[in-house]
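Here is the structure we will look at.
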Amino acid sequence: MKQRLRAVLNEIEVELKNATTRGKVADYIPPLAQVDPAKFGIAVMLHDGTLISAGDAQEKFSIQSISKVFALTLALGKRGDAIWHRVGREPSGDPFNSSILLELEKGMPRNPFINAGAIVISDILLSSHQPRETIGEIVRFVQSIAEDDDIYIDEVVAKAEDRTGFNNAALANLLKANKNLDNLPPHVLGVYHHQCALAMSCEQLACAGLFLSASGRNPISNHRIVSVERALRINALMMTCGHYDGSGDFAFRVGVPAKSGVGGGILATVPGIASIAVWSPGLNQHGNSLLGTRALELLCRRMGWSIFGR
Ligand code: DON
C-alpha cells in the first residue's frame, strides 16, 4: 500500500503542477495575496507513523480556518458538551463569513467552523484569561499534537487581519449584542485572528490531524487527545460543515471528513487509515482550495478511500 501511495502522490503532483486553472488566491487578508499560486504540497501520515509527501509539503503556509478544528478540540477538552449551548451543529449553507443567519437566529452560530461559530469558540477559550495567554495555549496545544515545536503564529498575517477584519468585527459585535460573548469583541478577535495565522507545513498538519483518523488517540505515541466519541463527532462536523456552502459538493466528490482554510490548505482524515494535508493557494468560489480539492478527489479515488463504503 505504501508503494502505491507514494506513486499516487507523485502522479497527482505531476498532473496538477501545470494546471492552468488554479483558482484565485485570497486577497482580503493582504499578506495572503503575496503567496505564489504555483505552490502545491501534499502529505499523508499513516497510523504506523509513515509520512509520505510530494511537492512543497515542507513549506509553511497560513492554516487559517483549519485552526478551527484544533480550537474546537481544545474547547471541548476544557468545557465539554456545554459548548453546544452556544454554538450549533448544522451546516449553514452560507459563506464562511456570512452574518445573515446569525441575526435571524439571535446570535447562535450554526456551527463552530463558520467564522461566527469559531469566534464563539475563541471566546470560550479566552474565558477570563489575557488574550496572549490563550494564544500561547493554542500554539502549545497544536505543537503538542503535531509533536513539533517548530510551529508558530505569523504575526504579519495576524496583525493584518486585526487591521482589516471588519466583517469579523461585525460578527463579534452581533454575538456580543446577543449575549453570546463573555469577553470584549477586540480581545476575542485578537485570539481568533492569531489562531488563524498559525503557520504550518502539510507534513506538520498531517501529523497534527492524525488523532482524528485514529478515534482520538495518537496511534504512534498512544497518547489520547480526545475521547473516541468526541473524535467521531469532530469528524462528523468536518464532513458536514468543513467546507461551508461547498460541503455537499466536497462530500460528493471526495467522501472523507475535511476542513479547509483560505490559505489554500485542507486537512482531511481517513478514519482508521490516514491523515492527509494538501496545500494549493488558489481558491474556488466558496473560498476552498481549488486544486487541493481536486488532489484529494484523485487521491481518495485512486486509493479507494471513502467513509461511504467501498
Ligand atoms: O476569519 C477569516 O475570514 C479568516 N481568518 C479565515 C477564513 C477561512 O479560512 C475560511 N476558509 N476557507
Side-chain angles (χ1 to χ4, degrees), residues 23-33 35 61-72 87 91-99 102 109-123 125 131 135 138 142 153-175 181 185-186 188-200 205 237-250 254 257-268 277-293 296:
K24 196 175 163 301
V25 172
D27 56 6
Y28 75 98
I29 304 172
L32 297 188
V35 179
F61 60 93
S62 194
I63 72 165
Q64 292 295 319
S65 287
I66 300 171
S67 67
K68 294 168 180 174
V69 175
F70 305 132
L72 172 66
V87 61
S92 69
D94 280 329
F96 62 90
N97 54 3
S98 176
S99 54
L102 190 62
R110 276 286 175 105
N111 66 68
F113 293 155
I114 51 172
N115 286 10
I119 292 168
V120 168
I121 298 294
S122 294
D123 183 62
L125 291 177
I135 294 164
I138 295 169
V142 176
I153 283 168
D154 183 334
E155 281 295 335
V156 174
V157 174
K159 296 257 156 55
E161 199 169 16
D162 261 341
R163 247 191 348 265
T164 59
F166 299 111
N167 193 83
N168 287 337
L171 295 173
N173 280 299
L174 210 43
L175 289 163
L181 283 192
V188 181
L189 290 170
V191 172
Y192 171 69
H193 291 150
H194 276 75
Q195 112 192 1
C196 288
L198 273 163
M200 293 172 73
L205 257 182
L237 286 165
M238 287 168 74
M239 189 86 253
T240 53
C241 312
H243 280 70
Y244 316 106
D245 46 342
S247 298
D249 189 57
F250 186 90
V254 182
K259 180 75 207 81
S260 68
V262 287
I266 304 176
L267 171 65
V278 62
W279 174 47
S280 171
L283 309 176
N284 64 19
Q285 75 273 28
H286 301 296
N288 303 316
S289 175
L290 184 87
L291 292 187
T293 305
L296 287 170

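Note that these values count all heavy atoms, side chains included, but never hydrogens, waters or copies made by symmetry. Just so we're clear, the structure is a prediction, and the values are computed from it rather than from any experiment. Numbering of ligands and ligand atoms starts at 1, following listing order.
At the top of the distance list for atom 3 (O) of ligand 1, counting protein heavy atoms only, stands Y28 OH, 2.6 Å. The single protein non-hydrogen atom nearest to atom 1 (O) of ligand 1 is Y192 OH, 2.6 Å, given as residue, atom name and distance.
Residue Y244 has at least one nitrogen or oxygen atom sitting less than 3.5 Å from a nitrogen or oxygen atom of ligand 1, judged on distance alone. An N or O contact shorter than 3.5 Å is missing between I29 and ligand 1 by distance. Where the criterion is an N or O separation shorter than 3.5 Å, residue side chain and backbone included, K68 fails it with respect to ligand 1. The N/O atoms of G287, backbone and side chain alike, include one that comes under 3.5 Å of an N/O atom in ligand 1.
Screening I66, L205, L267 for a side-chain contact (heavy atoms from CB on, under 4.5 Å) involving M200 leaves a single residue, L205. With Y192 as the partner, the side chain to side chain donor-acceptor pair (under 3.5 Å) test is satisfied by one option alone out of D123, N115, N168: N115. Only one option out of S98, S65, S260 pairs with Y244 in a side chain to side chain donor-acceptor pair (under 3.5 Å); it is S65.
With a heavy-atom cut-off of 4.0 Å, N168 touches ligand 1 through its side chain alone. Only the side chain of N115 comes within 4.0 Å of ligand 1, counting heavy atoms alone; its backbone N, CA, C and O stay farther away. Under 4.0 Å from ligand 1, heavy atoms of S65 appear from its side chain as well as its backbone.
D27 is linked by a salt bridge (charged side-chain N to carboxylate O under 4.0 Å, His left out) to K24, counting only residues two or more places apart in sequence or in another chain.
Atoms of ligand 1 lying under 4.0 Å from any heavy atom of C196, numbered from 1 in the order shown and given with element: 5 (N). Near F96, meaning under 4.0 Å from any of its heavy atoms, are these atoms of ligand 1: 3 (O), 7 (C), 10 (C). In the vicinity of S260, heavy-atom distances shorter than 4.0 Å reach the ligand 1 atoms 11 (N), 12 (N). Within the listing of ligand 1, atoms 9 (O), 11 (N), 12 (N) sit less than 4.0 angstrom from a heavy atom of G261.
Here atom 2 (C) of ligand 1 lies nearest to E161 when heavy atoms of H193, E161, Q64 are compared.
With values rounded to the nearest 0.5 angstrom, S99 atom OG is found 6.5 Å from N167 atom CG. Put simply, CD1 on I153 and NE2 on H193 are 12.5 Å apart, with the number rounded to the nearest 0.5 Å. With rounding to the nearest 0.5 Å, the separation of CE in M238 from SG in C241 is 11.0 Å.
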(message) Apply side chain to side chain contact (heavy atoms under 4.5 Å, CB included) to residues I266 and H243 and explain how you reach the verdict.
(response) CA-CA 9 Å; I266 304 176; H243 280 70; 3.9 Å; yes
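Of the N and O atoms on the side chains of H194 and E161, not one donor lies less than 3.5 Å from an acceptor on the other residue.
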